[in-house]
Amino acid sequence: MLDIRFLRENPDAVRENIKKKFQDAKLPMVDEVIKLDEENREVIQQAQALRTERNALSKQVGVLMGQSKKDPSKLQEAEELKQKVTAEAARLGELEARETQLGEEIRKLMMVIPQIIDDTVPIGESDEFNVEVERFGEPKVPDFEIPYHTQIMESLDGIDMDAAGRVSGAGFYYLLGDIARLHEAVLAYGRDFMIDKGFTYCIPPFMIRGNVVEGVMSFADMEAMMYKIEGEDLYLIGTSEHSMIGRFIDQILPEDKLPQTLTSYSPCFRKEKGSHGLEERGVYRIHQFEKQEMIVVCKPEESKAWYEKLWRYSVELFRNFDIPVRQLECCSGDLADLKVKSCDIEAWSPRQKKYFEVCSCSNLGDAQSRRLKIRAKDENGTTYLPHTLNNTCVAPPRMLIALLENNLQADGSVLVPKVLQPYMGGKTVLVPKK
RNA sequence: GGAGAGAUGGCUGAGUGGCCGAAGGCGCACGAUUGGAAAUCGUGUAGACGUUAAUAGCGUCUCGAGGGUUCAAAUCCCUCUCUCUCCGCCA
């Protein structure tokens with residue numbers, strides 16, 4: 001969400017940005033907003049003038065009413081003034097109705113006009129134009145065949161997709177035994193990794209109100225992702241980012257409380273509307289998974305530096321598991337409307353012989369702050385909108401795919417990365433039962 | 001789930017229809033006093049929006065949120081949210 005003043009003063013920049021994102025259909029919205037905004041301010045001014053008059057007259061009525069106790073003739077005067085105000089009331093009512101209507105229309109448009117993207121974002125229409133920036137670790141392909149991840153899990157008696165299908169439908173899983181333990185180990189390691197980086201561990205609410213949802217994501221995303229609780233104004237979170245950024249709704253943070261650096265655990269619930277494909281079976285894309293997240297709320301001038309730090313944390317974490325990764329920068333057309341800049345950290349899949357997404361790091365600029373009215377106050381008492389960022393620390397079901405594939409040995413056993421062994425009761429290897 | 005109480009500025013706390021954007025106190029800032037400090041005294045201390053060159057003026061809105069009554073609402077009415085207390089239930 002943009003500052004309407006920015007749009008008013010820089011309509012060309014907003015149009016240029018829309019073009020960069022290949023959303024030309026939204027171009028007319030800029031002029032629409034400008035037109036509505038002009039009328040709105042006109043209406044506001046007229047209404048204010050009427051209110052000024054009404055307030056003045058009302059004050060006089062008050063004075064006259066007071067005096068009328070001593071001098072009954074004042075009562076007559078007061079009555080006359082009352083009628084004068086009543087005469088103007090209809091006009092004010094009309095203006096107020098129009099003001100409300102215009103405000104809603106403007107807001108609706110502003111909610112879908114995309115955030116101004118960073119200069120450094122590569123221009124491209126779809127995810128095909130995302131850009132590989134850097135690789136970390138040597139992507140290796142072993143000389144034996146690597147089975148599909150669910151098969152590896154099954155060989156370790158670690159998963160029951162059939163029962164999950166019967167109980168909850170497609171997109172759910174039962175994890176069992178060492179795999180379930182490995183899942184928790186990864187989360188626990190991710191948590192401690194972030195705590196060591198100075199982040200504060202947090203367990204947030206897993207359901208949030210509609211207004212918070214609207215504050216943290218675009219309508220399009222909301223529709224495609226969020227589960228609503230029947231009969232309540234509550235949604236299951238799609239990521240703890242939602243609760244975590246929502247935590248600061250309507251708050252004015254003293255500047256010395258910035259940056260806020262938090263690492264949160266939560267289950268994540270997603271509809272995954274319209275997502276398909278062979279490579280998305282198993283535990284790759286599911287309705288419910290667990291995630292350790294990192295979020296930052298910081299001064300605007302610091303958000304670029306934080307963005308760089310955050311994605312590098314993900315790289316470091318995956319390298320500690322000895323999983324090869326790469327940074328893939330999100331191009332303009334693939335960037336969600338609220339985001340200024342975003343990249344994925346992708347893990348190497350020796351089975352597919354390609355990289356796949358395991359982390360997503362985003363700088364939202366002031367978009368979420370503006371929607372949620374999150375503000376910071378500097379020493380001079382001036383308030384401003386801080387920037388918000390988020391990044392996946394680790395989302396175990398999906399990262400387990402990378403972990404199992406990259407640590408699988410020819411005999412079907414799976415090596416437990418050293419850093420995870422303390423969380424696995426000292427186990428160094430997982431051995432197939434049969 | 002049942003019963004009750006409450007929500008006012010950074011905090012505390014007055015205010016039950018008009019001169020209330022809000023007394024008093026605390027805190028904070030600045031000044032005076034002091035060799036310096038404490039104490040004391042004085043002054044000032046919310047946010048959003050519009051207008052504007054302006055953080056100057058002026059105006060509008062905001063006393064949990066939304067709606068209503070009224071010439072006029074912190075104050076009266078309705079709905080909702082949250083907090084606290086008691087009872088019940090419960091991981």
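Each chain gets a letter, A, B and so on, in the order the sequences are listed, and its residues count up from 1.
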Counting heavy atoms from C-beta on, name the nucleotide in [options] closest to the side chain of [X].
X        : options                : answer
A:Thr383 : B:rC82, B:rA48, B:rA72 : B:rA48
A:Arg209 : B:rU51, B:rC82, B:rC71 : B:rC82
A:Asn55  : B:rU60, B:rC71, B:rG50 : B:rU60
A:Gln48  : B:rC49, B:rC71, B:rC19 : B:rC49

With nearest nucleotide decided by heavy atoms, which residue, A:Thr86 or A:Leu64, maps closer to the 5′ end of RNA chain B? A:Leu64
Return whichever of A:Ile4 or A:Val85 has its heavy-atom-nearest nucleotide of RNA chain B closer to the 5' end. A:Ile4
Less than 6.0 angstrom from the centroid, inside 45 degrees of the normal: does A:Lys197 satisfy that with respect to the ring of A:Phe193? yes
Taking the six-membered ring of A:Tyr227 as reference, does the NZ or CZ atom of A:Arg270 fall below 6.0 Å from its centre and within a 45° cone about the axis? no
Using atom [atom1] of each nucleotide, how far apart are [N] and [M] to the nearest Å?
N      : M      : atom1 : answer
B:rA65 : B:rC82 : P     : 15 Å
B:rG4  : B:rC41 : C1'   : 48 Å
B:rC58 : B:rU52 : C1'   : 10 Å
B:rG10 : B:rC28 : C1'   : 9 Å

Residues in contact with RNA chain B, drawn from residues 31-40 of chain A - heavy-atom cutoff 4.0 Å: none
Shortest non-hydrogen contact between [X] and [Y], atoms and distance:
X        : Y        : answer
A:Leu2   : A:Ile116 : CD2-CG1, 3.6 Å
A:Leu338 : A:Ala367 : O-CB, 3.6 Å
A:Lys26  : A:Pro114 : CD-CD, 4.2 Å

Using a 4.0 Å heavy-atom cut-off across all strands, classify A:Arg8 as base, sugar-phosphate, or nothing. sugar-phosphate
Pair A:His287 + A:Phe172: ring centers closer than 6.0 Å: yes
[X] has an atom [atom1]; how far is it from atom [atom2] of [N], in whole Å?
X        : N      : atom1 : atom2 : result
A:Lys373 : B:rG64 : NZ    : P     : 17 Å
A:Gln251 : B:rA46 : CD    : C1'   : 15 Å
A:Glu53  : B:rG59 : CD    : P     : 15 Å
A:Arg54  : B:rG59 : CZ    : P     : 15 Å
A:Arg51  : B:rA72 : CZ    : P     : 12 Å
A:Leu57  : B:rG18 : CG    : C1'   : 14 Å
A:Glu9   : B:rA53 : CD    : P     : 12 Å
A:Leu95  : B:rG50 : CG    : P     : 17 Å

Taking atom CE of A:Met207 as the centre, does the number of heavy atoms from other residues, nucleotides or ligands within less than 6.0 Å exceed 12? no
Could you verify whether a donor N or O on one side chain and an acceptor N or O on the other, from A:Tyr189 and A:Asn320, lie under 3.5 Å apart? yes
Would you say the side-chain atoms of A:Gln115 and A:Gln368 include a donor-acceptor pair closer than 3.5 Å? no
Between A:Glu77 and A:Lys82 (salt bridge meaning N to carboxylate O under 4.0 Å), is one present in this structure? no
Once pairs are restricted to Watson-Crick or G-U wobble with both distances under 3.5 Å, how does RNA chain B read as a dot-bracket string, [ ] for crossings and | for other-strand pairs? ((((((((.[[[..)..(.....]]]((((((.......))))))((((((.....)))))).[[[[[..)....]]]]])))))))....
Does A:Arg375 make a side-chain N or O approach to OP1 or OP2 of B:rG47 shorter than 4.0 Å? no
